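We count residues from 1, following the sequence as given. Not measured: the values here are computed from a predicted model. Scope of the values below: all heavy atoms of this structure, side chains included, with no hydrogens, waters or symmetry mates. Each ligand, and each atom within it, is numbered from 1 in the order the structure gives.
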Amino acid sequence: MSSADVDAVLSAFTSRFGRDPEGVWAAPGRVNLIGEHTDYNDGFVMPFALAQAVTVAAEARADGRWSVTSLNQDETHQFGPDDLVPGMDGWHAYVAGVVWALREAGRKVRGADLVLSSDVPVGAGLSSSAALECATLAVLADLSELEIEPLERAKLARRCENEFVGAPTGLMDQAASTLCTVGHALFFDCRSFETEQVHLALDEAGLELLVLDTRTPHALVDSEYAARRRSCEEAARLLGVRALRDVTDLDAALAALPDPEMQRRVRHVVTEDVRVLEAAEMLRQDRITDLAPLLDASHVSMRDDFEITVPTVDLAVETAKAAGALGARMTGGGFGGCIIALVAAGTADQVAAAVATTFDAAGYGAPSHFLGRPSAGAGRIR
Ligand code: GLA
């Protein structure tokens, strides 16, 4: 969250309602360091929260209705209990869906006025929607005086995403936005829900994590994401395991599957889980530089086996590596969006400039970039 966003939501709230809000809350976007498409296979992930966040000024209201204004969209939507119908369209569905999920869980949610602003890039694979859900949840839990454990909050936010908005995602993004802490990546077991905050001491290691947005629109993401998920579930069924996390002998599993495409999907998920476990072990030992080959291998696996990268993303990764990045991979659901690159401190701008030059020569639009800094999860900030 930026202090400009805090000022913006405070002043917009005050000019709209003629008084100060009760408080200000924020929830971050995330990058995933490693562990892609493993969450819905009951596997392991390791995201960290970004400084970029959804910031919300809010106050309870007495009539049991909700209003939400987005300063980014310059739009206000109002809704009451009867309007909470799954399948609602528009950005405000992420807000209405959180109200719906809380009520479905038997929680009493007070009406509220929300004014929000976000500096999480949208459609870039950085979980702008999870940030909106988790920020809304933090607001409504506090204003309604609901005691909800952080993991439970993440699950409620995911319920909004899955059942109200209708996107069949796993739990990673909402867990990251809720559970991450400053200076750490979150090692998260998506079956047991065990968490471990692993120290991500980039500065001490003389490293930076470049986040580069290829700005490729996520054209196929919804249908292709759902197709990958179906393929994994079908493979697990054919292999007689509860989820692909339970595949212990990869060669035997591959031999048991008739379809080469399904074999590739399984190989990605199983090897990616192993890479997350290795990455967590390296971070526990503060061996951050050793993450680099794991990032590279993860990218190759997403490109060749899971087939979720696109030419701009592959070119960005190759160019970043050629320009000196130690390791690089696409981050997020795929089909566009951001790459992350582990680079020596002070070199991120020059690596990003090399990608921009290559994109220009290839006729692609200009990418944008920033440094990923492990930041705090959702909560009240004022
Ligand atoms: C999206 C989903 C997550 C996860 C990633 C891929 O971000 O929301 O649940 O599946 O894709 O790792």
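- The residues Glu272 and Arg329 are annotated as salt-bridged, a charged nitrogen and a carboxylate oxygen being separated by less than 4.0 angstrom.
- For Asp89, the CG atom is loosely surrounded, since the number of other residues' heavy atoms within 6.0 Å does not exceed 12.
- Counting atoms of ligand 1 from 1 in the listed order, those under 4.0 Å from a heavy atom of Gly170 are 9 (O).
- Checked by distance only, ligand 1 and Ser127 stay at 3.5 Å or farther apart across all their nitrogen or oxygen atoms.
- Within a 6.0 Å radius of CZ in Arg191, other residues, nucleotides and ligands contribute more than 12 heavy atoms.
- Only the side chain of Arg30 comes within 4.0 Å of ligand 1, judged by heavy-atom distances.
- The environment of Arg373 atom CZ is sparse: at most 12 non-hydrogen atoms of other residues, nucleotides or ligands sit within 6.0 angstrom.
- For the ligand labelled ligand 1, residue Arg229 lies outside the 4.0 Å heavy-atom shell.
- Heavy-atom proximity to Gly333, at under 4.0 Å, picks out these atoms of ligand 1: 6 (C), 11 (O).
- Counting all heavy atoms, side chain and backbone alike, Tyr40 lies closest to Gly170 at CB-CA, 4.3 Å.
- Shortest contact from atom 8 (O) of ligand 1 to any protein heavy atom: Asp173 OD2, 2.6 Å.
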From CA spacing to verdict: side-chain hydrogen bond (donor to acceptor under 3.5 Å, both in side chains), Glu161, Thr169: CA-CA 7 Å; Glu161 181 98 34; Thr169 61; 4.8 Å; no
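- For ligand 1 and Met172, the ligand atoms under 4.0 Å from any heavy atom of the residue are 4 (C), 5 (C), 12 (O).
- Around CD of Gln285, the count of heavy atoms belonging to other residues, nucleotides or ligands within 6.0 Å exceeds 12.
- Given atom 9 (O) of ligand 1, the protein heavy atom at minimum distance is Asp39 OD2, 2.5 Å.
- Residue contacts with ligand 1: Glu36 is placed with a nitrogen or oxygen under 3.5 Å of a nitrogen or oxygen of the ligand (distance criterion only).
- Scanning the protein for heavy atoms near atom 10 (O) of ligand 1, the closest one is Tyr225 OH, 2.6 Å.
- Under the 4.5 Å side-chain criterion, counting only non-hydrogen atoms from C-beta, Leu140 is in contact with Trp66.
- Of the candidates Arg158, Glu272, His37, it is His37 that places a heavy atom closest to atom 12 (O) of ligand 1.
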